A.B. asks: 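Got a structure here, written out as structure tokens. Questions coming.
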Number of protein chains: 2
Amino acid sequence: MEKLEGIIFYTIDKAIKTYRQFAQKRLYEAGLEITIDQWLVMQALTEKPDISQNEIAEKVFKDAASVTRIIDLLIKKKYLERKMHDSDRRRFHLEVTSVGKTLMKDIAKVVAQNRAIALHDVTQEELGMLRDTLTVIINNCKTN
Amino acid sequence: MEKLEGIIFYTIDKAIKTYRQFAQKRLYEAGLEITIDQWLVMQALTEKPDISQNEIAEKVFKDAASVTRIIDLLIKKKYLERKMHDSDRRRFHLEVTSVGKTLMKDIAKVVAQNRAIALHDVTQEELGMLRDTLTVIINNCKTN
DNA sequence: ATGATTTAGTTGATATATCAATTATTGTCC
DNA sequence: GGACAATAATTGATATATCAACTAAATCAT
């Protein structure tokens, strides 16, 4: 068996974990009280305000159960509110509060900086190839 | 703010999560009772039998606390044993049992297949560039 | 040699991941 | 239109991630 260092999935794992730690630390240092995972949910809601919890789960690659719990925390923090859904009483309408909107704006700057630092010296071409190769891997692994 | 789909870290996250789900499912279907994270710890121990728990944590990008708990489970499953360390009574000598060794051999085949499937149609050159770009990102994010 | 510091590992608290089971509601089909 | 299946979300159980506090042992410094 090949050593861990030689395995590409080990490197991919290392890259995303290193970036997440880096990004989380910088959010924390900027006084922004949110985790990366909570931000992902907020971002999905910002992009599509009428999204359902199940759709959020799919979008951020999480389980519906995880999304339920993350939303519970975001509500506790007053960044979100659960309201009645117009046409489907099984669903909720999730509303980003004004506090939540302000927070998201503040985060945007830090997130942009994080990416710029993390991608320093990576060309557009390299970025494109990175994306293409990862997309091939993703499709190869689709179970269905 | 750019949409999630356009963010490279979102794609990296998606790739590693898709692969992990794929790999875990195939391990489970092969009747192998181990998680990917537990396998990582076993593999680190197989590569360096005298490794310490802290060194394992560093190698597999986990917290020492996580490693303690993963090892507890591996011991409960009889794949590992904690023994006295020769020269340092703070440490343990972790020993892979014969059951554990057999398991690791069985896993090796499945893991090799998983990688072959996941990397189908990815050339050596693409793999090298993927690794290089990820390494740049990892170094850019090193906090220290 | 002893007092301070460092290191190895554990434990508790909280956040997240995953699966299975459950509830409430909606949709389908005859 | 009423039984049945599908869907949206929650909850419980277990595994993992992370941080902080802690214990025990080793090392360092004078």
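Side chains are part of it too, since the values below use all heavy atoms of this structure and drop only hydrogens, waters and symmetry mates. As the structure is a prediction and not an experimental result, all values here were calculated from the model. We name chains A, B, ... by the order of the sequence lines, and we start the count at 1 in each one.
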A.B. asks: Side chain of R82(B): nearest nucleotide among dA24(D), dT18(C), dG9(C)?
C.D. replies: dG9(C)
A.B. asks: Which heavy-atom pair separates K59(B) from A44(B) by the least distance, and what is that distance?
C.D. replies: CD-CB, 4.4 Å
A.B. asks: Would a distance-only check, ignoring hydrogens and angles, find a side-chain to backbone donor-acceptor pair under 3.5 Å from R69(A) to A64(A)?
C.D. replies: no
A.B. asks: Identify whether any heavy atom of T68(B) sits under 4.0 Å from a base atom; if not, whether one sits that close to sugar-phosphate; answer base, sugar-phosphate or nothing.
C.D. replies: base
A.B. asks: I need the CG-P distance between L94(B) and dT10(C), as an integer number of Å.
C.D. replies: 9 Å
A.B. asks: Looking at every strand, decide which applies to S52(A) at a 4.0 Å heavy-atom threshold: base, sugar-phosphate, or nothing.
C.D. replies: sugar-phosphate
A.B. asks: Closest to the F92(B) side chain: dT18(D), dG9(C), dA17(C)?
C.D. replies: dG9(C)
A.B. asks: Over how many whole Å does the gap from M84(B) atom CE to dA24(D) atom P extend?
C.D. replies: 15 Å
A.B. asks: Send over the distance from I16(A) CD1 to dA17(D) P, rounded to a whole Å.
C.D. replies: 15 Å
A.B. asks: How many whole angstroms separate atom CD of Q53(A) from atom P of dT25(C)?
C.D. replies: 16 Å
A.B. asks: Nearest nucleotide by nearest heavy atom, which residue falls closer to the 5' end of DNA chain D, K76(B) or Y28(A)?
C.D. replies: K76(B)
A.B. asks: Can you tell me the distance, in whole Å, between the CG atom of D72(B) and the C1' atom of dT11(C)?
C.D. replies: 11 Å
A.B. asks: Indicate the atoms forming the closest heavy-atom contact of K77(A) with I34(A), along with that distance.
C.D. replies: NZ-CA, 4.1 Å
A.B. asks: Using a heavy-atom cut-off of under 4.0 Å over every strand shown, decide if Q38(B) touches base, sugar-phosphate, or nothing.
C.D. replies: sugar-phosphate
A.B. asks: At under 4.0 Å between heavy atoms, what does D63(B) touch on the DNA or RNA strands: base, sugar-phosphate, or nothing?
C.D. replies: base
A.B. asks: Which nucleotide wins on minimum distance to the side chain of R69(B), given the candidates dA17(D), dA9(D), dC19(C)?
C.D. replies: dA17(D)
A.B. asks: Given dA15(D), dT10(C), dA15(C), identify the nucleotide with an atom nearest to the side chain of L73(B).
C.D. replies: dA15(D)
A.B. asks: Can you tell me how far CZ of F9(B) sits from CZ of F22(A), rounded to the nearest 0.5 angstrom?
C.D. replies: 8.5 Å
A.B. asks: If you assign each of I51(A) and V67(B) to its closest nucleotide in DNA chain D, which residue comes earlier from the 5' end?
C.D. replies: I51(A)
A.B. asks: Taking only the side-chain heavy atoms of D88(A) (C-beta and beyond), determine which of dA25(D), dT18(D), dT26(C) contains the nearest atom.
C.D. replies: dT26(C)
A.B. asks: Which sits closer to the 5' end of DNA chain C, Q24(B) or D37(A), going by the nucleotide each is nearest to?
C.D. replies: D37(A)
A.B. asks: With heavy atoms under 4.0 Å as the rule, sort R20(A) into base, sugar-phosphate or nothing.
C.D. replies: nothing
A.B. asks: Side chain of A65(A) only, heavy atoms from C-beta on: which candidate in dG9(C), dA17(C), dT11(D) is closest?
C.D. replies: dT11(D)
A.B. asks: Establish, with yes or no, whether the OP1 or OP2 oxygen of dT7(D) is under 4.0 angstrom from a side-chain nitrogen or oxygen of N54(A).
C.D. replies: no
A.B. asks: Any side-chain donor paired with an acceptor under 3.5 Å for R26(A) and Q21(A)?
C.D. replies: no
A.B. asks: Closest heavy-atom contact between I36(A) and Q24(A)?
C.D. replies: N-OE1, 3.0 Å
A.B. asks: Respond yes when some side-chain nitrogen or oxygen of T35(B) is under 4.0 Å from OP1 or OP2 of dT16(D), and no when none is.
C.D. replies: yes
A.B. asks: Taking CD1 from I56(A) and C1' from dT7(D), how many angstroms apart are they, rounded to a whole number?
C.D. replies: 16 Å
A.B. asks: R89(A) CZ to dT25(C) C1': how many Å, rounded?
C.D. replies: 7 Å
A.B. asks: Rounded to whole angstrom units, what separation is found between the CD1 atom of I36(A) and the P atom of dC19(D)?
C.D. replies: 12 Å
